[in-house]
Amino acid sequence: MSQGRFITFEGGEGAGKSTQLKRLAARLEAQGRAVVATREPGGSSGAESIRELVLKGSADRWSPVTETLLMYAARRDHVERVIRPALAKGAWVVCDRFADSTRAYQGAAGGTDPALIAALETHILEATRPDLTLIFDLPVEVGLERAHRRAGAEMRFESKGQAFHERLREGFLAIARAEPGRCAIIDAIGSLEAVEARVWAAVRERLAVDG
Ligand code: T5A
């Protein structure tokens with residue numbers, strides 16, 4: 001059986017990742033592929049419990065280093081129990097946020113030492129790395145406005161302030177510049193259909209998918 005593919009969706013708040021992830025999953029399924037759609041923090045039972053801890057409360061409830069460790073505790077469980085087994089069965093895993101969110105939120109925007117994050121990637125992810133990462137990019141004000149309109153959202157990270165979110169945007173763009181083979185920047189401004197077409201073009205081109 002062939003190994004599946006691992007696609008991650010990344011970007012700041014309200015970029016439209018969750019909306020587009022559902023559309024991509026449906027499109028891949030319509031082509032007859034087995035698809036596992038998942039998210040971080042969370043995606044496994046244990047990781048969803050950690051999500052409750054990390055997304056609720058005041059903006060300064062956790063320090064960036066503590067957040068990094070919580071994210072990686074959740075990520076290890078998710079990788080072990082959901083992502084690796086799905087890939088081994090040949091499924092396509094589409095994941096709403098993954099390791100680049102830690103690099104950008106806790107690292108570039110939060111100030112956690114990149115060497116700690118790199119060490120966690122090495123020891124916790126091992127060989128489980130995305131084949132393709134779609135980085136949704138849009139002006140901070142537009143993303144925060146969209147995120148505030150969304151019903152029932154946790155607001156701990158949204159409430160961190162404009163400067164944090166500007167560092168975050170630049171952090172994601174820096175990741176894309178550093179790893180152009182893995183990352184594609186998706187312009188997240190425009191209609192849902194226009195953004196969907198950009199996502200599909202990137203998946204077709206980077207992963208040699210027909211359709
Ligand atoms: N986090 C996560 C870390 O700090 N470190 C980590 O390592 C990880 C993994 C997750 C939080 O955790 C942090 C980052 C996050 O702050 P979450 O609630 O899952 O929290 O938050 P997000 O992933 O940011 O989810 P959002 O819902 O805010 O953003 P999405 O998924 O990018 O956006 P989406 O699709 O929900 O859309 C938001 C709104 O915009 C509309 C949608 O209808 C929706 O109302 N919309 C559009 N409007 C106009 N035009 C378009 N093209 C639109 N696309 C969507």
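Ligands are counted one by one from 1 in listed order, and the atoms in each one are counted from 1 as well.
No more than 12 heavy-atom neighbours from other residues, nucleotides or ligands sit within 6.0 angstrom of CZ on R81.
R206 places a side-chain N or O within 3.5 Å of a backbone atom of C183 that can act as its donor or acceptor partner. Side chain of R61 to backbone of K56: a donor-acceptor contact under 3.5 angstrom is found. Looking only at distances, no side-chain donor or acceptor of R33 sits under 3.5 Å from a matching main-chain atom of G4.
Residue-to-ligand polar distances place A15 within reach of ligand 1: an N/O pair is separated by less than 3.5 Å. Note: an N/O pair closer than 3.5 Å links G16 and ligand 1 by distance alone.
For the pair F172 and I185, the minimum side-chain heavy-atom distance is 4.5 Å or more.
Under 4.0 angstrom from ligand 1, there are no non-hydrogen atoms of R23. Contacts between V54 and ligand 1, counted as non-hydrogen atom pairs separated by less than 4.0 Å, are absent for every part of the residue. Contact annotation: for Q20 versus ligand 1, there are no heavy atoms closer than 4.0 Å.
Across the listed options E10, M71, H165, M71 owns the non-hydrogen atom lying nearest to atom 3 (C) of ligand 1. For atom 54 (N) of ligand 1, the choice among L192, T19, T102 with the nearest heavy atom turns out to be L192. Within the set E40, R146, R97, R75, the minimum heavy-atom distance to atom 22 (P) of ligand 1 is found for R97.
Distance NE2/H165 to OH/Y105: 7.0 Å, rounded to 0.5 Å. For the atom pair OG of S44 and CD1 of I50, the computed distance is 7.5 Å after rounding to the nearest 0.5 Å.
Atoms of ligand 1 found under 4.0 Å from any heavy atom of S18 (numbered from 1 in listed order, with element): 30 (P), 31 (O), 35 (O), 36 (O). The atoms of ligand 1 that sit less than 4.0 Å from any heavy atom of L55 are 10 (C), 11 (C), 12 (O), 20 (O). If you number the atoms of ligand 1 from 1 as listed, the ones under 4.0 Å from a heavy atom of P41 come out as 2 (C), 8 (C), 9 (C), 12 (O). Residue contact check: Q106 has heavy atoms under 4.0 Å from atoms 3 (C), 4 (O), 5 (N), 6 (C), 7 (O) of ligand 1. Using a 4.0 Å cut-off to heavy atoms of G14, the atoms of ligand 1 that qualify are 26 (P), 28 (O), 29 (O), 32 (O), 33 (O).
Not a single heavy atom of R39 sits under 4.0 Å from any atom of ligand 1.
Applying side-chain contact (heavy atoms from CB on, under 4.5 Å) to P41 and the options T102, L53, V54 leaves one that passes, V54. Under the side chain to side chain donor-acceptor pair (under 3.5 Å) test applied with H78, the options R84, E40, E48 reduce to a single match, E40.
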